[in-house]
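Here's the structure we're looking at; comments come further down.
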Amino acid sequence: MKAAVLLFPGSNREGDVARALKHVTGVEPAIVWHAETALPAGTDLVVLPGGFSYGDYLRCGAIAARAAIMEAVRAHAARGGLVLGICNGFQILCESGLLPGVLVRNARLRFICREALLKVERIDTPFTRRYAKGAVVRFPVAHGEGNYTADAETLARLEGEGRVAFRYVMADGKRDDTQVLNGAANSIAGILSEKLNVLGLMPHPENHVDPLVGPTDGRALFESIAGMLEKA
Amino acid sequence: MKARVLVTLKSAVLDPQGKAIEGALRSLGVPGVASVRQGKVFDVELDGGDSAKAEATLKEACEKLLANTVIETYRIEFVG
Amino acid sequence: MKARVLVTLKSAVLDPQGKAIEGALRSLGVPGVASVRQGKVFDVELDGGDSAKAEATLKEACEKLLANTVIETYRIEFVG
Amino acid sequence: MTVLDTPAKEPQITPQLVADHGLKPDEYERILKLIGREPSFTELGIFSAMWNEHCSYKSSRLHLRGLPTKAPWVIQGPGENAGVIDIGDGLAAVFKMESHNHPSYIEPYQGAATGVGGILRDVFTMGARPIAALNALRFGDPAHPRTKHLVAGVVAGIGGYGNSFGVPTVGGLVGFHTRYDGNCLVNAMAVGLAEADKIFYAKATGVGLPVVYLGSKTGRDGIHGATMASAEFGEGAEEKRPTVQVGDPFAEKLLLEACLEIMAAGCVVAIQDMGAAGLTCSAVEMGAKGDLGIELDLDKLPCREEGMSAYEMMLSESQERMLMVIAPGKEDEAEAIFRKWGLDFAIVGRTTDTLRFVVKHKGEVKADLPIKELGDEAPLYDRPWVETPKQQRIDPASLEISATIPGALERLIGSPDFASKRWIWEQYDHLILNNTVQRPGGDAAVVRIEDGPKGLAMACDVTPRYCEADPFEGGKQAVAEVWRNITAVGGTPLALTDNLNFGNPEKPEIMGQLVGCLRGIGAAALALDFPVVSGNVSLYNETHGRGILPTPTIGGVGVLADVEKMATIAFKETSEIILVIGETTGWLGQSAFLSEILDREEGAPPPVDLALERKHGDFVRELIAEGLVSAVHDVSDGGLLVALAEMAMASGIGASLLAEPAEVNPHAFWFGEDQARYIVTVSGGEKATVFKRAESAGVPIAKLGSTGGDKLTIPGERPIVIDALRERSESWLPIYMGAGMM
Ligand SMILES: Nc1ncnc2c1ncn2[C@@H]1O[C@H](COP(=O)(O)OP(=O)(O)O)[C@@H](O)[C@H]1O
Ligand SMILES: [Mg+2]
């Protein structure tokens, strides 16, 4: 599998995701500078990492979404290539229109770093096929603006088309939209594009791949992608 | 030439910051505030003095970058 | 009664956001923008119609909460 | 503001102007003698920056000299931007702590944020990539009207900067006391990792080399509070000269990447960040350390505002800036790297062989000063000091105690100093970089180095109550507690950084606190082989004539050979044996129990026997390394019962405790703060081995009880439900911060 991790000024979890990819797949991903206009030939997966691209100034992800490399990402996605946006990467995908909706400030207005429980909503996607059906997993969140918002029509469409990939749940495994840690609509933690080849999610699977530093629930996400591409 | 761009949340969009400020003002004992909504203001200096051109520039800036029209609206004002 | 409070950084205070936006506009090819400074705007609804009282309330709100006068200045405008 | 643009209109040097620059008349005399003429306005500014307390350490320098700073593993002790220690495998840990107290009180968000920015810069200036941050915070009484606002702003500012920069904030401390009502303390610590043979220093070498300015542009930030207020600058001065800087973590992140890149490319001869007193301090230091002169051409300086004068440029404290001497022929390569990261790069001067510090602006020489004397000849004071009177030992039998033991525990656990600080550290990204092996909440944070198995343990501590009652013992205790916390996770403590926060040193009692604490710190650092490699002094923390509690915050770093063997405080299993290592006499003087439950801050603080500290700590570390113990926690303020409660809350497992020994007062036994103690748990099978080992090592050890159930039970007392205790602990801060906060 050939993965490319984009690097914007102010990205800061590119190393974490590159390390996770290496850990799980054994292959070092390419790091691609935002000012490039093309992805490395043969790229299967594009990752938009977490961080504070452009300081999160103006709106999170807004300035990065207009970077030169994003044209290539758009084309890659249109071809059906896989795109994974984590945290700031998710914000960039929304700002660039590759995913609908927007991530606004956490309802309690504070940055929050903690482990969150997530329900894997479907396992027939390139990103989740190694999870068990209905699995509840633990990924950490680390964001100040992860409160997913979209208009009612968009939300209805996302739900109707089964495009919610991950949802925050409570300790009992059930969702409670009134208690969700960041206020996200419908407890949404991650969503998919129409063709299921673009995933944006706020929590950080890349920080839960190594037993030495915590749970390893994030591994299966990277294994899913790798396994999927091997088969292809 | 100086202009001001105001970017505010659409009225249907929830504004937790505004709500928090309302609460904080109440607990600080500032009376008579019924509601607060928070937005952004950009003070922009433009080259040249052609106001039609300036307006076009600002409109482009808003559409391309300054506002996320999914949740925000913008307004352009000239200050002098 | 409606008012608008503008809170902006004092002119000599660094505005990293404004700086980043200038850069972004330049690289997006929006021409003619010399500088951008970002501030906050609060749209406030006040009880009652006494504008002197409203002004006093808003001033108090600014001093106590909305602005940090060490680095920011504020301006109160009545909208109608 | 055109006044400063035209040299003719520069203010006359008057006694008032000199005083406004914080220079005493005799200090000004010293300047006149040194240069043999009246200084120019710019020169006066330069002297005021170089000779103020912050840069010259004029009140503390004499006493700092007594600190032990050497050990075979120390690569760089005090005197550079940060201390450097060898941690094996060709790697070095680079760390320092620094205060940003006053700015944080004025503008909590930006003050704290720029404090974090400053300390991160100190670390990466040495060529190290920051891998962890910590912060020690002291606020006033929670009931004080400003406290909540300060907590909210400071915490958001620390998080706002560190999270964006991309360093995990993994530890720290937070305390409340009315003596900080008018002066909160924000002490930020950063730890970085570098290759041991690739450390960069401020010392310039080579004549005629370009001096390069990098980073953000210079504005009128933070230019001298005193001068700012002076009438000569006329109306609108305040608008033009903010004393509080705004941090730009985004620019700093770019600066980090760009600096590490040009260092790796071999472009850098010397480097110095621009912190306090900005360009002045950094340029003088680079030249003076290298026995070289420096000539600056301010026309080349990247400025954010128009019409800045030489005076303003030399004194600006704009953030996210660096000064470097670039290797011959490497200018273009270095510049290309900086441009790629979108940062300013300008050659603003060159090194000379004249030993003069020359500043030119608009065709005029604005300053021409002997560079070495600027630092070397700074005033040095042996300020009068008096020893803090000793207090009596408190006899527990003399105390009237109505609280039950469970009741007292519940109150302590729910009190501001002991309650969980989760509300704070959850606002810090403590997981980024994916190396945080021990997260906040334990004795020390542990960060894995690269892919392991090695790790660094780090902690910061100080008990100001002890320091006020007995500066010498308090200073010792602060060092011992950090050392103990590193030990308790299995780390070998290597070196420390200190941040000395005190009141007005011109008062002999305050100076006595400083001297006493420093002696205590020195004694402990020496006895524990835990040298001081960096630090910072913050004086004049006073409001209305009342100083803060003496607060010498100590930050320590240690190494773990294998993070998989690391210990944590949580009980691991039921039916394990709980042991206390070290002697419990029931020392209540200056204890949290006395202060929180009896509302008395009295008596002598617990004495620290450094030989015992070392013996007990070494013993515990061995037990951890050999896997003989399952949970480990040091015993500090709050005593045994608070420590046990913390171990229980961390795990959800309770404990049946034995009755206290007959010869010790029960409250004193459970809440006394005797030093050099640890609680460990062992399985039934290991108990005999551990006791035998303790006996042969001559270490006191006693059984406290065994783990199990969901309560803490003490014979004859009402059981304490762990869940309820945890609820108390977790709820205080959110409830306190909840009401009416933004
Ligand atoms: N209390 C102290 N103990 C040991 N070293 C100290 C202490 N205070 C300052 N130093 C050392 O003195 C030097 C100058 O400190 P400082 O001026 O705070 O550095 P910077 O200019 O980087 O802010 C540093 O090397 C620092 O480690
Ligand atoms: Mg420094």
Side-chain angles (χ1 to χ4, degrees), chain B residues 1-11 15 17-67 72-77 79, chain C residues 1-11 15 17-67 72-77 79:
Chain B
M1 194 153 163
K2 279 183 186 184
R4 175 185 286 166
V5 177
L6 291 155
V7 175
T8 47
L9 286 172
K10 290 183 179 168
S11 57
D15 175 17
Q17 303 198 59
K19 278 271 165 289
I21 292 167
E22 284 169 25
L25 286 175
R26 215 166 296 132
S27 73
L28 282 172
V30 179
V33 175
S35 85
V36 180
R37 287 183 68 82
Q38 180 170 342
K40 294 175 204 159
V41 56
F42 303 94
D43 287 316
V44 184
E45 295 237 23
L46 294 150
D47 302 331
D50 178 342
S51 76
K53 222 170 93 190
E55 174 126 25
T57 297
L58 288 175
K59 196 145 184 249
E60 189 188 348
C62 286
E63 293 285 339
K64 278 194 178 167
L65 186 69
L66 297 181
E72 294 169 329
T73 52
Y74 62 87
R75 209 165 115 186
I76 298 166
E77 293 173 2
V79 211
Chain C
M1 193 154 167
K2 281 185 184 182
R4 179 194 281 167
V5 177
L6 292 156
V7 176
T8 46
L9 287 170
K10 288 182 180 175
S11 62
D15 176 16
Q17 306 219 52
K19 209 170 63 174
I21 294 165
E22 280 168 28
L25 287 174
R26 213 167 299 131
S27 67
L28 280 174
V30 178
V33 174
S35 85
V36 179
R37 293 192 53 92
Q38 180 170 343
K40 293 177 211 158
V41 55
F42 301 94
D43 287 316
V44 185
E45 293 238 24
L46 294 148
D47 302 330
D50 178 343
S51 78
K53 225 171 90 189
E55 174 127 26
T57 297
L58 288 174
K59 199 151 181 242
E60 192 187 346
C62 286
E63 294 284 340
K64 280 193 175 165
L65 185 71
L66 298 181
E72 294 170 329
T73 51
Y74 62 88
R75 211 165 113 183
I76 298 167
E77 292 173 1
V79 213

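Only heavy atoms go into these numbers, but all of them, side chains included; no hydrogens, no water, no symmetry mates. Naming: A, B, ... by sequence-line order, numbering from 1 per chain.
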Leading residue by heavy atom contact count with chain C [cutoff under 4.5 Å; candidates B:V30, B:D43, B:V33]
B:D43
Under 4.5 Å to a heavy atom of chain B? For C:L28 that would be both
If you count heavy-atom pairs under 4.5 Å between each of C:L25, C:V5, C:T8 and chain B, which one has the most?
C:L25
Mind checking the CD-NZ spacing from B:Q17 to C:K40? Nearest 0.5 Å is all I need.
8.0 Å
Interface residues of residues 44-55 of chain C facing chain B - heavy atom cut-off under 4.5 Å:
C:V44, C:E45, C:L46, C:D47
Nearest 0.5 Å please: distance from the CZ atom of B:R37 over to the CD atom of B:E22.
9.5 Å
Within this structure, what is the NZ-CD distance for the pair C:K10 and C:E72, rounded to the nearest 0.5 Å?
9.5 Å
Over all atoms of both residues, closest heavy-atom pair of C:I76 and C:K59:
CD1-N, 3.7 Å
Pairs of heavy atoms under 4.5 Å with chain B: top-ranked of C:A24, C:G18, C:G39:
C:G39
If I take atom NZ from residue C:K19 and atom OG from residue C:S35, how far apart are they, to the nearest 0.5 angstrom?
13.0 Å
With the side chain counted from C-beta on, respond yes when C:F42 and C:L66 share a heavy-atom pair under 4.5 Å apart, and no when they do not.
yes
Taking it one step at a time, do C:R4 and C:L6 satisfy side-chain contact (heavy atoms from CB on, under 4.5 Å)?
CA-CA 6 Å; C:R4 179 194 281 167; C:L6 292 156; 4.3 Å; yes
Against chain B, work out which of C:T57, C:D15, C:V7 has the most heavy-atom pairs shorter than 4.5 Å and name it.
C:T57
With sequence neighbours left out, what residues match C:E60 under side-chain hydrogen bond (donor to acceptor under 3.5 Å, both in side chains)?
C:K64
With a 4.5 angstrom heavy-atom cut-off, could you sort out which part of C:L58 is near chain B: side chain, backbone, both or neither?
neither
